[in-house]
J.: 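I have a structure I would like to understand better, so I am pasting it below and will then ask my questions one at a time.
Source: prediction; values computed, not measured. Numbers for residues simply follow the sequence, beginning at 1.
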Amino acid sequence: MAELISFGVDGALHVPEEPVIPFIEGDGIGVDIWPAAKSVLDAAAAKRGNKVAWKEVLAGQKAFDETGSWLPDETVETFRTHLIGIKGPLTTPIGGGMRSLNVALRQILDLYVCLRPVRWFTGVPSPVLHPELVDMVIFRENTEDIYAGLEVEAFTPEAAKLSEFLRAEMGWEIREGSGIGIKPISEFGSKRLIRASIKYALEHGRPSVTMVHKGNIQKFTEGAFRNWGYDLVREEFADVAVGWDECGGKPGDKLLVKDAIADITLQQVLTRPTDFDVIATTNLNGDYLSDALAAQVGGIGIAPGGNINYVSGHGIFEATHGTAPKYAGQDKVNPGSLLLSGVMMFEHLGWADAAADIVAALEATIADKVVTYDFARLMEGATEVKCSEFASAIVDKL
């Protein structure tokens, strides 16, 4: 019998045998990758004796065509009441409407963690020599920074008014004809993100958390993010974690919490990937870093992601790439990103065995060189298959 997932006073999800999970098919290639991913998820759930009662909700172009709204209230309310959901890629309205449907969902439901695990799957083509050394989990703050959307357009009355205020009250030299953005970074937002990353590292036996920031230049926003992180370690985790500033990189048997400047981090994840494990970072840095790391392990086409609020129990897992409309309906593209986001969702639900089964079957399929076009063009002797055929091959391996 289908039942809703609940979130207990113990701070844990309570998952029935047949949970109701809402999904957004997605725009563009969503029509191809969602059915493929769903078939694998269903097979893995059935193997462990479970079933998912999928509930479709609308967002993006499909929602606009059917309801006149890009993000219907009913969709938001369904995610709110059902706690956990999954979505394909969504079209961002052009010339009006919401800045981004993905950002809107994150902000409305306060999904403050963008969780992006990055690891290499055996056999996946990679542009680096040793992709197997990349095994990182990014905690990207999801609600603040420039993604808050607090900006004014150049040559507008709003820009003129804000510029005048900043000149008169702050003594700031603002060039005429400037667009202006506000970058809020709060103690509350920073600490809850870093707290989640530290708890994850402790629960998963990870040796370190690196706070990535640009605090050498943006001292009162990104620099504050770093400082609040070290404060948090002392205030809440002193018995199990220690900051680099207090141990000089010698944490003993404790979790090491350290920090790195964002620009050098983008170099060192290439040259010294084993130095990084769990990464906690601000919104824009996390956006750049997530995609740069994905490139090292095969590209964003197989990069999963989840947006999570660990306090309320809400989570929406998603394909991290775009809608690729020119390929829509061709049964061509790689469903890996959405499928692996489903793997993350299963892990989050406590179905670790089903998640591990999917990963093993995916790797075995790629090892047989049965792959979609994006991998086939980079592999010698590959058998190129359709999106749906790739999913069927994975199910066969289950």
J.: What do the steps show when you test Ile366 against Thr122 for side chain to side chain contact (heavy atoms under 4.5 Å, CB included), and what is the final call?
T.: CA-CA 8 Å; Ile366 295 172; Thr122 304; over 6 Å; no
J.: Count the heavy atoms of every other residue, nucleotide or ligand shown that sit under 6.0 Å from CD of Glu18, and state whether that count exceeds 12.
T.: yes
J.: Before you tell me yes or no, could you show the steps for Glu144 and Asn283 under side chain to side chain contact (heavy atoms under 4.5 Å, CB included), namely the whole-Å CA-CA distance, both residues' side-chain angles and the distance that decides it to 0.1 Å?
T.: CA-CA 7 Å; Glu144 298 188 326; Asn283 211 334; 5.8 Å; no
J.: Take Ile24 and Leu58 through the side chain to side chain contact (heavy atoms under 4.5 Å, CB included) test and state the conclusion after the steps.
T.: CA-CA 6 Å; Ile24 297 170; Leu58 302 179; over 6 Å; no
J.: Decide yes or no on side chain to side chain contact (heavy atoms under 4.5 Å, CB included) for Lys199 and Val240, but give the supporting numbers first.
T.: CA-CA 10 Å; Lys199 287 183 175 180; Val240 290; over 6 Å; no
J.: Could you walk me through whether His348 and Phe317 pass ring pair (Phe, Tyr, Trp, His ring centres under 6.0 Å), step by step?
T.: CA-CA 10 Å; His348 193 68; Phe317 299 84; 5.6 Å; yes
J.: Would Asp42 and Trp54 count as a side-chain hydrogen bond (donor to acceptor under 3.5 Å, both in side chains) here? Give the steps.
T.: CA-CA 10 Å; Asp42 283 341; Trp54 300 106; 2.8 Å; yes
J.: Taking the ring centre of each residue, are Tyr327 and Tyr373 less than 6.0 Å apart?
T.: yes
J.: Can you confirm whether Glu235 is buried at CD, in the sense that more than 12 heavy atoms of other residues, nucleotides or ligands lie under 6.0 Å from that atom?
T.: yes
J.: Evaluate the salt bridge (Lys or Arg N to Asp or Glu O under 4.0 Å) criterion for residues Lys191 and Glu236: first the C-alpha distance (whole Å), next the side-chain angles of each, then the deciding distance (0.1 Å), finally the verdict.
T.: CA-CA 11 Å; Lys191 283 187 173 180; Glu236 298 184 18; over 6 Å; no
J.: Between the main-chain N or O of Pro304 and the side-chain N or O of Ser341, is there a donor-acceptor pair closer than 3.5 Å?
T.: no
J.: Distance alone, cut at 3.5 Å: any donor-acceptor contact between the side chains of Thr91 and Asp27?
T.: yes
J.: Enter the distance from Arg116:CZ to Thr281:OG1 here, rounded to the nearest 0.5 Å.
T.: 13.0 Å
J.: Working note: Asp231 + Arg226, criterion salt bridge (Lys or Arg N to Asp or Glu O under 4.0 Å); need CA distance, chi angles, decisive distance, verdict.
T.: CA-CA 9 Å; Asp231 289 345; Arg226 167 198 181 273; over 6 Å; no
J.: With salt bridge (Lys or Arg N to Asp or Glu O under 4.0 Å) as the criterion, how do Arg167 and Glu176 come out once you've worked through the C-alpha distance, each side chain's angles and the decisive distance to 0.1 Å?
T.: CA-CA 11 Å; Arg167 293 187 193 102; Glu176 292 290 344; 3.4 Å; yes
J.: In Å and rounded to the nearest 0.5 Å, what is the OG1 to CD distance from Thr78 to Glu74?
T.: 5.0 Å
J.: Checking side-chain polar atoms at under 3.5 Å, does Asp65 have a donor or acceptor matched by the opposite partner on Gln61?
T.: yes
J.: Between Glu141 and Ser190, do the side chains contain an N or O donor and an N or O acceptor separated by less than 3.5 Å?
T.: no
J.: With Asn334, which of Ile302, Ile33, Ile300, Asp32 fulfils side-chain contact (heavy atoms from CB on, under 4.5 Å)?
T.: Ile302
J.: Establish, from distance only, whether the side-chain atoms of Ser208 and Asp277 form a donor-acceptor pair under 3.5 Å.
T.: no
J.: Within the 4.5 Å heavy-atom criterion, are Leu256 and Val209 side-chain neighbours or not?
T.: no
J.: Are a donor atom and an acceptor atom from the side chains of Asp259 and Tyr230 found within less than 3.5 Å of each other?
T.: yes
J.: Does the side chain of Ile174 come within less than 4.5 Å of Ile180's, by heavy atoms?
T.: yes
J.: Taking atom OH of Tyr288 as the centre, does the number of heavy atoms from other residues, nucleotides or ligands within less than 6.0 Å exceed 12?
T.: no
J.: Show, in sequence, the C-alpha distance, side-chain angles and deciding distance for Lys183 and Asp145, and conclude whether the salt bridge (Lys or Arg N to Asp or Glu O under 4.0 Å) test is met.
T.: CA-CA 5 Å; Lys183 177 189 175 81; Asp145 203 349; 2.6 Å; yes
J.: If we ignore angles and hydrogens, is there a donor and acceptor under 3.5 Å between the side chains of His213 and Asn285?
T.: no
